[in-house]
Each structure stands twice: as C-alpha cells, then as structure tokens.
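The block underneath contains the structure these notes are about, expressed in structure tokens.
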There are 2 protein chains.
Amino acid sequence: MAVEATAMALLWEQQTASKRGPKPTLSLDMIATTGIEIADADGLAALTMQRVAERLGVTKMALYRYVPGKVELVALMIDRGIGEPPRLERMTGGWRRKLDTWARQMFDRFAGHPWALEATVGARAIGPNELGWLEEATAALTGTPLTGGEILDVAVTLIGQVRMIAQQAAAMGTRDPEQAMDEAMNAVLSGREDRFPALAAVLADSAGKNQALDFGLRCILDGVQLLIDRRN
Amino acid sequence: MAVEATAMALLWEQQTASKRGPKPTLSLDMIATTGIEIADADGLAALTMQRVAERLGVTKMALYRYVPGKVELVALMIDRGIGEPPRLERMTGGWRRKLDTWARQMFDRFAGHPWALEATVGARAIGPNELGWLEEATAALTGTPLTGGEILDVAVTLIGQVRMIAQQAAAMGTRDPEQAMDEAMNAVLSGREDRFPALAAVLADSAGKNQALDFGLRCILDGVQLLIDRRN
DNA sequence: CAGAACTGTGTCTAGAGTACACTGTGTCTG
DNA sequence: CAGACACAGTGTACTCTAGACACAGTTCTG
C-alpha cells in the first residue's frame, strides 16, 4: 500500500505551486504526456526515465522533483491515457445503449494505448478519470432493478470483456487481430490436429472476422437484460 | 516474434537427452517448478534467475543451459502453472454446465498463481496446456448451432471474465476481495461523493459479497443460451 | 583421450534511484 | 533597501540490481 499511497496523492491532490526557488521548467502534465508518447510508440518496456528526460531536454534527475518514481509516473500516464469518460447522460436510449457505447469507447482508449493493459494488472492506485468511468457506468444502470453489487459486477464484467479483446488486438498487431490470431493458432495446430480435434474443426470453420468485441458485448448485455426483464 | 519462437520450441518440442558430457543436475521441470514456487510466494517481481538458481543450489549460469532466457522461463512457468485442463467430456450435463465448470476451474488456477495474470498480457508463446484449455471449451460447444468464430468468441469472453475477477482478487489480497475493493473505493470516494454520486450510492447499497464471478458467468452464459435457443 | 556437455567466475550493460553540489529566486531582516 | 538566507530546481557522479555473455574449468562417454 505504500507505493500506492504516494501515487494516490499525485493523482488526486492539487499540485501547490511553490513560491521560493527557480521556476520549474517542467510540469506533471508535460512529463505524463511525454511518457505516453514514448509508450504509445515503443511500448512500456521502452519507457525509461532517461528517455522521458531526454525528450524533455533535461536529465532524468529533474523528473524526480515532479514524480517520486517510475511507478507513480505510470499511474499518472494511465489516468491521463484513459482520459475522461464519455458523457452518457446526454445520450438518448436506455441503459443498454449507454453501456454499449461506454464499452466501445473504453476499447478505443485501450486500443490507442495498449501499454495501459500491461500497466493495469495487479494492485495499483485508481485515478479520478478511472473512477469517472465507473461512475458513468453505474449512473447508466441506476434506476434498473439491479442491486448495487450487481451494478458494479456488470461494469466489471464489461471491463473484462473490453480488456480481453483489446489485449488480443494488441498482441496481434493492430490490423485484423482475429485473423492473425486464427493464423497463429493454425500454425501451432498444424500437425497436431489429432490432439486438438475440436479446436482444429472450429478454426477451419472460423471466418476470421473481427466480431469478438460485438459478440461478447451482446452476450453480456443480453444476460443483463434477461435479469432486468425478469425482475420487472 | 523472435523471442516467441524460442519459447515455442521449448514449450512444444520434446527435449532430447544428450549423450556425451556430464549428467545434467537439473531439468526443465525442476527449474519451472522452482520458478513457480518463488512467484507464488513473492510475486513475479521477486523472480530472478539468481534466486531460482540459489534455491536449486547452482549459479544462475547453470540455468542458461536449460532455458535461453527469462522470458522463456516465464512461458514455461505459465504453461505448467495453468496446468492441464479439466476433462469435460466425462461430465454429465450440457454445454452450459461444462463451460461453467471450465471457467471456475480456470479461476482457481489463476487464483493459485496470480503472477500468471501479469505474465499473460501482450504477445507471447502459447503452450500445450493453454491450447488444451481452449480445446476443451470448443469441444463443449461443438454440436451447438454456433459458428466456429462464435465458439471461439464465447471462450474468449469467458476467459476475460475469469481473468478480470482473478485480477481483482489478486490485487486485493486473497480473502474477501470484493469487500476489500468496496472499502478501497469508499476510502477514495469519501469527501468526493458529489463528484461521483451514482458510484457512492451504489457502493452504499453494495453487499460486499463475493459474487462477481458467479454473476458475470451467469450473464455471459445466459446470453449464449439465448442465442442458441433462438437458433434452434 | 578426444570431444562434447555442464557449471562457475568474471565482466558488461541497462536502468532505477540516491547523495550532494551548484544555481537561481523569493522572503526576511538589519 | 540591500544583503543574507532558505528553499526549489537541475546536473554530475555514484550505487545497486538484474539479465546476459565470454570463457575457463570440469565431467563424462564414445
């Protein structure tokens, strides 16, 4: 919890401008943005304090005046990278349409910042934007006969689906991820069809179309709808 | 793809015993098992070649005779850690019961080896056990009116749900993960209820019971069932 | 005994983070 | 109002950890 505490402070607390001393040449925003640029371009492994500093025209030690360490920098990058949630209350349509939009927008964010997937496993600090996303989803489901716990569970399930598909897409390079996935599995399977017969048959039948996100969302939302309808 | 290729060879190809030279003191299995023990106990960050070697009573360079590098070691650990899939064909009941069991068993594996979640984001090599899990799921759905692509999508969606809940559980320490999650969110929210009103209300109403896995699985499988019933 | 296969020692490199000196800037005091 | 001073920002030099390579030494079998 120790590291998360410092990250929480950075994410949530307003930065107070210091009075005395030289003017800062950098800002948290500049540093986070630069970090995001690097991670977008070359992945999280390529994100080093050195490289962030270089791009900003300073030495890495300058960064430690703004950010306690790399973990906190990444936490900042995540919250800024995911960005503000969509404003669903302005949307027409019921909870289903809203959640569908919500999930697809989240997918787009993850697709734009694939490193955010790696960076968001395990214990970590939650930022305001991230909590904002959750707020939007819960707001969309408020008023339905679902309990509070169930509302959260729906949101979590949707996040799971979005993350999973985004992960596959990221692993397979950007274009035609499912096609690539099929090909990769076919490559492994060739010569071993007897060991994985059902999988081989299914792959032969697979169209390789990019429908996984749609399909999963539909299943989940159908399931939620069924529950809501039953309660009404 | 370069690293994955060497990992694939290690995962799939039979190791040929060498004739000449001293007897190897170690084996791939011993090394992978030791790695799993360390990661289980202290997390993936604590997994160093040094530490694996120490526990085996050798220097780290000895390991490089068996494993090309750390990436490949982790790939081995994943496949061994996830282990063999459950044998669903022996089960009574239809596809739904089978998939439910499949998902819950997968959850148990991830719960036992939380580091496997971190280690399975991004491009990586797929091992025989992992493919075996996919085989079981597809076999369970073969015979339903779903297309090949849809069958794979169902499996992927389930994996997403399992991973998501396992991730939350891992992040929150083992016992009562959802309770802990609620508490953590409440802590962040306190004093900011005006900014996240729906979330605050929902949290106040949340029972904190560990039902997220059940709930999500039910939604997903309900959705799949709806689709199957419609086609019949 | 020759050659191949294991293992250990020493070394290199990258990257996170610390210690500390130096420099600039506002505030406080005589 | 001028100078001292405290404090903030930045840079240089260093430590520490960890993965990986080179190569010497050792062991075993054909």
Side-chain angles (χ1 to χ4, degrees), chain A residues 2-7 10 14-32 34-35 38-39 42-77 115 118-119 124, chain B residues 2-7 10 14-32 34-35 38-39 42-77 115 118-119 124:
Chain A
V3 173
E4 286 112 81
T6 64
L10 212 64
Q14 196 65 23
Q15 306 306 315
T16 54
S18 53
K19 272 290 162 195
R20 292 236 266 254
K23 296 277 159 62
T25 42
L26 308 174
S27 69
L28 273 185
D29 244 344
M30 289 170 65
I31 295 174
T34 307
I38 294 171
D42 299 333
L44 205 55
L47 180 82
T48 66
M49 299 303 269
Q50 175 74 38
R51 196 158 159 202
V52 174
E54 255 171 29
R55 187 180 279 230
L56 286 167
V58 295
T59 62
K60 67 175 175 180
M61 285 323 297
L63 303 180
Y64 285 99
R65 275 279 121 184
Y66 302 84
V67 170
K70 194 183 177 181
V71 181
E72 289 83 359
L73 168 57
V74 172
L76 265 182
M77 286 167 54
W115 50 268
E118 301 170 53
R124 64 203 177 74
Chain B
V3 173
E4 287 113 79
T6 64
L10 211 66
Q14 196 65 22
Q15 306 307 316
T16 54
S18 54
K19 271 292 161 191
R20 289 236 267 254
K23 298 275 161 63
T25 41
L26 308 173
S27 69
L28 273 184
D29 245 344
M30 289 169 67
I31 295 174
T34 307
I38 294 170
D42 299 333
L44 205 55
L47 180 81
T48 65
M49 300 302 268
Q50 176 73 38
R51 196 156 159 204
V52 174
E54 255 171 28
R55 188 180 277 230
L56 287 167
V58 294
T59 62
K60 67 178 172 177
M61 285 322 296
L63 303 180
Y64 285 99
R65 274 279 118 183
Y66 304 84
V67 169
K70 195 183 177 181
V71 180
E72 289 83 359
L73 169 58
V74 173
L76 264 181
M77 286 168 53
W115 49 268
E118 300 171 53
R124 64 203 177 75

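Computed from heavy atoms alone, side chains included, the values below leave out hydrogens, waters and symmetry copies. Chain letters run A, B, ... following the sequence lines, proteins first, then strands; residues in each count from 1.
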Among [options], which nucleotide sits nearest the side chain of [X]?
{"X": "A62(A)", "options": "dG11(D), dA5(C), dA20(D)", "value": "dG11(D)"}
{"X": "Y66(A)", "options": "dC6(C), dG9(D), dA16(C)", "value": "dG9(D)"}
{"X": "P22(A)", "options": "dG24(C), dT12(D), dG26(C)", "value": "dG24(C)"}
{"X": "K70(B)", "options": "dA20(D), dG9(D), dG30(D)", "value": "dA20(D)"}

- Taking for each residue the nucleotide of DNA chain C bearing the nearest heavy atom, is the 5' side occupied by G57(B) or by Y64(A)? G57(B)
- Closest to the 5' end of DNA chain D, once R20(B) and M61(B) are matched to their nearest nucleotides, is M61(B)
- Which sits closer to the 5' end of DNA chain D, G21(A) or A45(B), going by the nucleotide each is nearest to? G21(A)
- Message: Would you say K23(B) places a side-chain N or O within less than 4.0 Å of OP1 or OP2 belonging to dC28(D)?
- Response: no
- Item | Phosphate contact (dC6(C) OP1 or OP2) by S18(B) side-chain N/O below 4.0 Å | yes
May I have the distance from [X] (atom [atom1]) to [N] (atom [atom2]), rounded to whole angstrom?
{"X": "Q50(A)", "N": "dT13(C)", "atom1": "CD", "atom2": "P", "result": "16 Å"}
{"X": "E54(B)", "N": "dT17(D)", "atom1": "CD", "atom2": "C1'", "result": "13 Å"}
{"X": "K19(B)", "N": "dA4(C)", "atom1": "NZ", "atom2": "C1'", "result": "14 Å"}
{"X": "R65(B)", "N": "dA20(D)", "atom1": "CZ", "atom2": "P", "result": "15 Å"}
{"X": "I31(A)", "N": "dG9(D)", "atom1": "CD1", "atom2": "P", "result": "11 Å"}
{"X": "L63(A)", "N": "dT12(D)", "atom1": "CG", "atom2": "P", "result": "14 Å"}
{"X": "L26(A)", "N": "dA8(D)", "atom1": "CG", "atom2": "P", "result": "17 Å"}
{"X": "M49(B)", "N": "dA14(C)", "atom1": "CE", "atom2": "P", "result": "20 Å"}

- Message: Under a 3.5 Å distance rule, please check whether E72(B) uses its side chain to pair with a backbone N or O of G69(B) as donor and acceptor.
- Response: yes
- Between the main-chain N or O of L26(B) and the side-chain N or O of Y66(B), is there a donor-acceptor pair closer than 3.5 Å? yes
Side chains of [X] and [Y]: does their closest heavy-atom pair fall under 4.5 Å?
{"X": "L76(B)", "Y": "I31(B)", "answer": "no"}
{"X": "L73(A)", "Y": "M49(A)", "answer": "yes"}
{"X": "R124(A)", "Y": "V74(A)", "answer": "no"}

- Message: Using a heavy-atom cut-off of 4.0 Å across all strands, would you classify L47(A) as base, sugar-phosphate, or nothing?
- Response: sugar-phosphate
- Does the dA16(C) base have a donor-acceptor partner in the side chain of K60(A) within less than 3.5 Å? yes
